[in-house]
Structures are given as C-alpha cells and as structure tokens.
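Model, not experiment: these values are computed from the prediction. Naming convention: chains lettered A, B, ... in sequence-line order (proteins, then strands); numbering from 1 in each chain. Just so you know, these numbers use all the heavy atoms, side chains as well, and skip hydrogens, waters and symmetry mates.
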Amino acid sequence: MIEERWIGWAMLAGLVALPLWAMAAGEPFTITLVTRAVILALAAAGLNIALGIGGLVSLGHAVFFGIGGYAMGILAHHAQSYTAMNLIGLEVPGTKLMPVIWLVAVTVSAVVAWVIGKLTLRTSGVYFIMATLAFGQMFYYFAISWSAYGGEDGLPIYVRNSFPGLNTLVPIQFFALCLALLCAALFITARLRAAPFGLALNAARQSPERARAVGLDPARLRLAAFVLSGAITGLAGALFADLNRFVSPTMFSWQLSGELIVLVIIGGVGRLYGPVVGACLFVALEHWLGGLTDYWHVALGAILLGIVLFARGGLIGLLTGKEGAHV
Amino acid sequence: MTLLLLDGVTASYGASQALFGVDLEVAPGEVVALMGRNGMGKTTTVRAICGMMPSGGVLRFDGQSLTGLPSHRIASLGLGLVPEGRRCFASLTVRENLTAAARPGPWDLSGIGALFPRLAERPHQIAASLSGGEQQMLAIGRALMTNPRLLILDEATEGLAPLIRAEIWAAIARLKRDTGLAILVIDKSLAELRAVSDRGVILERGRSVWSGAMADLGPDVSERLIGV
C-alpha cells in the first residue's frame with residue numbers, strides 16, 4: 001500500500017504540473033479550474049481542523065467562506081468606486097491590496113468564529129450541527145437583504161485585486177499565490193497535529209472525560225480549533241471571490257457548508273491531504289460530468305455513499321489501506 | 001499537613017445516594033490504600049474527588065476546596081488520575097498519549113521510559129494495539145506526565161497477567177521510594193497493597209468504616225470488611 005505522505009506529494013506535484021502544462025499549451029481555463037480546486041481545498045483544509053482533528057461537525061462553515069468573500073467584495077467595491085466606508089463614524093477607504101484584504105478576512109472570520117464557537121460549542125452532536133446551520137442561515141439571509149452591497153444580486157468586482165510584485169491578472173500567478181497559501185495551511189495543519197495542542201484536541205475528541213481527567217479543557221481546545229478553522233476557511237473565501245471577481249450570498253449558503261464536509265469526507269476525515277484529494281475530485285467531476293449532464297451530483301452522491309459505506313478513511317484511506325488509522 | 005482531605009463526603013447518582021460520609025486523608029509522600037468490597041463506593045469516591053460528579057461535604061486538595069470545580073481544573077491543580085479500565089486515547093501513539101496532556105516538571109518522556117521500559121521500546125505504536133498491561137502502564141505514564149502531586153490509581157492491576165501485575169506493583173513501589181509522590185491506590189489484592197501502602201481506609205456502603213496504619217489491619221477486620 002502507498003504511504004500517505006507520497007499521496008500528498010503526488011497530489012501537490014500534480015497541482016504544480018497541470019497548470020504549467022496548461023500555460024504551455026495555452027489553456028488558461030484549465031488553470032482557472034485548478035485554482036478553483038486549490039481554493040476549495042484550502043477552505044476544506046480549514047474545516048478539516050475542526051472536523052477532522054476536533055470532531056466538530058460544523059454545518060456552518062460557509063459563514064466564514066462568505067465573510068472572506070464579502071471582506072474582499074466590500075473593500076474592493078469601495079476602492080473601485082472611490083468611496084469611503086463608514087465604520088462607526090470613521091471614514092475608511094477601500095483597498096485593492098490582497099494582503100490587507102486577507103488580513104481583514106482572516107481577522108473578521110476568526111472573531112465571528114470565536115463568537116459562534118462560544119455559543120454553539122456548549123452543544124454537541126446533532127444540536128451542534130443545527131446550531132452552526134442556524135448561524136449559516138442567519139448570515140445568508142442577512143447578505144440577501146444587505147442592499148448596500150448588492151443584496152441578492154451580489155457584488156461584481158471589475159479588476160482582480162493586486163499583490164505586490166505579482167500580476168494577479170495572469171492566471172498562473174494568481175494560481176501560484178493560492179497554492180502557496182494552501183501549502184501554508186497544510187503545513188500549519190501538519191505541525192498542529194503533532195503539537196501538544198493537536199494531540200490534546202484529538203484526545204478531547206476521542207473522550208472528553210478522559211481528557212478532563214488529565215487536566216485538559218475540551219471546551220477551550222475546541223474553541224481554539226474552531227477559530228483557527230474559521231480563519232483559514234475565511235481566507236479561502238477571499239481568494240474564491242477574487243477568482244470569480246464576484247461575491248454573492250450563495251457563498252453563505254448551507255449547500256456550500258455541506259459541500260465542504262463532502263470534500264473532507266471524500267478525501268478522508270482528519271487526513272492531512274484529504275481536503276486536497278476531495279477538492280480535486282469534486283472540481284474534476286463538476287467540470288467533466290457537469291459538462292455532460294446537469295445531474296452530475298447523482299454521481300457525486302454515489303461516490304460519497306460508497307466512501308461512507310465501504311471506505312471510512314476516504315480515498316486516502318482506500319489507497320493507504322489504513323481505514324481511519326489516525327484520525 | 002494533609003494534601004488531600006475528605007470529610008463526610010456524600011455523592012449521588014441521580015436519586016440513589018452512593019456515598020454517605022467518606023473520610024479520607026492523604027499526606028504528602030504518603031501512600032494510602034482505599035479498600036472495600038465491590039459496590040461499596042471506591043470508584044465513586046474517586047469520581048467525587050476528581051469532580052466527575054457533584055458531591056457534598058468537605059473536599060480539599062492542598063487547602064483548596066475542590067467542591068464545584070470542573071474536573072480539568074482539579075486535574076491541573078496536581079491530581080493525576082489513572083482511571084479504572086486503563087483508558088488511553090486509543091488512536092494516538094504511545095508518545096502522543098504521553099505528550100498530549102504533559103505539563104512541565106520533573107517527569108518527562110525519558111523518566112517514563114525508565115519507569116516502564118516496555119513503553120520506551122514502542123513510542124510510535126498506536127495505543128489501541130498495545131496489550132492490556134502496556135495500556136495500563138501508558139495510563140500511569142500519562143498521569144505522571146502531568147507532573148501531579150497526588151496520583152490516584154483506580155484498579156491499576158485489574159485483569160492483568162501476574163507477571164505484568166508484578167511489574168506495575170514494582171513501579172508503584174519505585175515511585176514511592178524514589179520520588180516521594182503521594183498516591184491513593186485502589187486495588188483488590190491486599191497482600192500487594194500492604195507492601196506499598198502506609199495507611200488504609202476501608203469503605204462499606206458508602207461510608208469509611210475503618211482507617212489506620214496498614215500494619216494494624218488485622219485478619220479479623222480484613223475478613224469482615226474486604227473478604228480476604
């Protein structure tokens with residue numbers, strides 16, 4: 001059987017090679033497609049920290065994805081219309097600078113994750129799922145009614161935001177940026193899993209009572225994981241909006257929260273590269289099968305069913321022959 | 001000076017009261033045996049001490065009241081629990097189990113490795129695949145890694161092979177001799193408890209009915225209250 005590490009390296013190598021080939025072959029759309037997969041993988045990598053290590057089935061991660069998207073949309077909207085935002089009497093200009101937008105996306109997502117976590121993490125099981133879903137719906141309907149920023153129609157951004165030293169309008173350069181962030185997120189996840197915090201979080205997922213008996217506070221561990229998880233998914237949201245140059249309330253939709261969970265499950269819950277495998281398969285199916293039929297979700301559903309029933313370790317578990325050995 | 005003090009501790013599982021007045025003291029560096037027949041309240045007493053169930057009466061650790069504290073706070077005050085049934089974190093490796101809850105202090109990975117060489121031999125093995133005895137050693141090691149001032153061993157040798165039991169008892173004796181760690185130990189084997197314990201407390205129907213030096217525990221009392 002293949003070692004998990006090699007699958008990960010192979011995936012990343014493929015993610016580098018495919019866009020390079022596409023650039024050489026003059027197929028910019030393929031680059032966009034791979035960029036989409038990378039961004040979804042980043043969002044799912046964020047969820048994987050809460051879901052995979054912490055065991056928190058959050059059906060509201062689209063909240064953070066949407067916050068990231070709207071952070072980008074609002075800042076860029078004010079920058080492109082040369083208007084200032086009014087923040088509690090303070091006139092703040094917009095910006096087209098990605099690092100600033102990312103910082104805002106990550107910070108706001110983290111703060112919102114802290115609040116949501118504080119309120120929902122006292123519940124568990126199906127109640128936690130429902131509580132996170134409820135927050136997701138609240139943000140979704142708020143975005144729909146927020147007419148200042150497009151309401152239901154969303155908010156188009158005409159030119160992609162800029163990153164110092166790069167021309168983000170060139171697909172391969174924007175792709176490289178996204179891939180670098182994905183690698184950073186995977187690196188953080190890998191370090192986290194081996195660090196005492198990650199181990200304690202894992203322990204608290206397996207048995208909160210045993211964890212408490214050795215002096216660990218599951219509530220605090222989960223909150224920290226949820227905040228980090230939300231922040232990473234928020235960053236992905238900002239990138240996703242920049243990829244499409246468009247934000248809309250669908251980024252907050254509960255279907256998206258569900259899709260993120262599906263990505264993690266397909267790849268392998270708690271696997272380091274699980275979100276990458278899941279996102280690549282998802283985008284491939286969406287593109288190839290979606291081109292053939294509008295009902296491509298049927299195939300996705302069948303795959304998901306097969307994995308849940310027969311391969312609990314996800315595709316990575318299937319390839320490594322270790323069914324959820326270390327999740 | 002006492003490290004752990006229980007005075008008239010009561011506790012209930014819902015409507016059924018399990019402890020009616022447990023008195024117990026552990027001084028620093030002392031090994032105290034908590035004895036009694038099955039169902040007399042030994043594990044319930046441990047659960048009450050560790051804050052895993054609400055309790056009444058006086059419950060103090062190093063002068064601080066434990067009543068009402070959440071169990072993780074109690075543990076971080078310096079109470080290391082080795083729960084009944086050797087409950088490790090099954091999907092973590094030996095080393096991960098040890099580091100997950102570690103707190104700074106004299107106990108570290110090499111110290112645990114010296115105490116239990118079997119664990120040092122297999123740092124990367126998943127806990128679920130360890131033998132029962134090794135899991136018990138891991139549970140003790142995990143508690144020691146939190147650098148406690150009091151170690152609570154709940155049925156640490158239950159259901160283990162004689163050779164492994166001897167190894168664990170030897171480790172407990174070594175803890176007492178070399179580190180002067182205070183230990184509250186629950187076990188069914190009186191002979192082995194006698195060898196390591198300074199004092200003993202016997203529970204009957206949720207009350208402490210006998211306490212004293214282990215040397216004073218005569219056969220009449222042990223026959224009547226423990227059945228051995």
Side-chain angles (χ1 to χ4, degrees), chain A residues 1 3-5 48-49 51-55 121-122 124 189-225 268-272 274 312-314 316-317 320-327, chain B residues 43 46-47 49-53 69-105 107 109 124-129 135 138-149 151-154:
Chain A
M1 284 294 172
E3 249 191 84
E4 190 173 337
R5 202 156 30 116
N48 201 24
I49 292 176
L51 177 64
I53 310 179
L121 283 171
R122 60 188 66 200
S124 61
T189 309
R191 293 299 297 264
L192 194 78
R193 289 205 307 182
F197 170 75
L199 296 174
L201 182 64
N202 198 329
R205 173 179 57 78
Q206 291 180 42
S207 166
E209 191 166 54
R210 281 173 222 178
R212 275 187 216 106
V214 287
L216 303 171
D217 181 0
R220 277 187 58 180
L221 292 165
R222 287 176 183 156
L223 184 61
V269 178
R271 307 276 179 169
L272 181 57
R312 297 283 293 276
I316 292 184
T320 54
K322 285 186 193 161
E323 186 170 294
H326 188 117
V327 293
Chain B
T43 294
V46 169
R47 290 179 57 85
I49 295 171
C50 294
M52 293 166 174
M53 61 191 297
L69 284 185
S71 50
H72 67 90
R73 289 272 305 120
I74 292 174
S76 59
L77 288 175
L79 257 115
L81 171 65
V82 180
E84 196 178 6
R86 42 180 176 275
R87 293 171 176 164
C88 301
F89 298 120
S91 76
L92 298 185
T93 65
V94 168
R95 178 170 292 170
E96 288 170 344
N97 259 284
L98 292 175
T99 48
R103 271 195 297 275
W107 282 106
L109 285 173
H124 301 298
Q125 193 171 332
I126 299 287
S129 67
Q135 288 189 29
L138 184 55
I140 296 174
R142 188 182 63 193
L144 289 173
M145 285 292 281
T146 67
N147 281 291
R149 285 185 287 166
L151 185 68
I152 301 178
L153 296 164
D154 192 357

Sort [X] into side chain, backbone, both or neither according to what part of it lies under 4.5 angstrom from a heavy atom of chain A.
{"X": "Ala102(B)", "value": "neither"}
{"X": "Leu79(B)", "value": "backbone"}
{"X": "Arg103(B)", "value": "side chain"}

Heavy-atom pair of closest approach, residues [X] and [Y]:
{"X": "Thr99(B)", "Y": "Leu199(A)", "result": "OG1-CD1, 3.2 Å"}
{"X": "Phe89(B)", "Y": "Arg210(A)", "result": "CE2-CB, 3.6 Å"}
{"X": "His72(B)", "Y": "Leu216(A)", "result": "CB-O, 3.0 Å"}
{"X": "Ala200(A)", "Y": "Ala100(B)", "result": "CB-O, 3.6 Å"}

**OP:** Can you measure from SG (Cys50(B)) to CD (Glu209(A)) and round to the nearest 0.5 angstrom?
**Re:** 10.0 Å

Original post:
Could you state the interatomic distance from CD (Gln206(A)) to CZ (Arg87(B)), rounded to the nearest 0.5 Å?
Top reply: 13.5 Å

**OP:** Using the side-chain contact (heavy atoms from CB on, under 4.5 Å) rule, take Asn202(A) and Glu96(B) through it: C-alpha gap first, then chi angles, then the decisive distance, then the call.
**Re:** CA-CA 10 Å; Asn202(A) 198 329; Glu96(B) 288 170 344; over 6 Å; no

Subject >> For chain B, the option from Pro218(A), Ala195(A), Ala213(A) that forms the most heavy-atom pairs under 4.5 Å >> reply: Ala213(A)

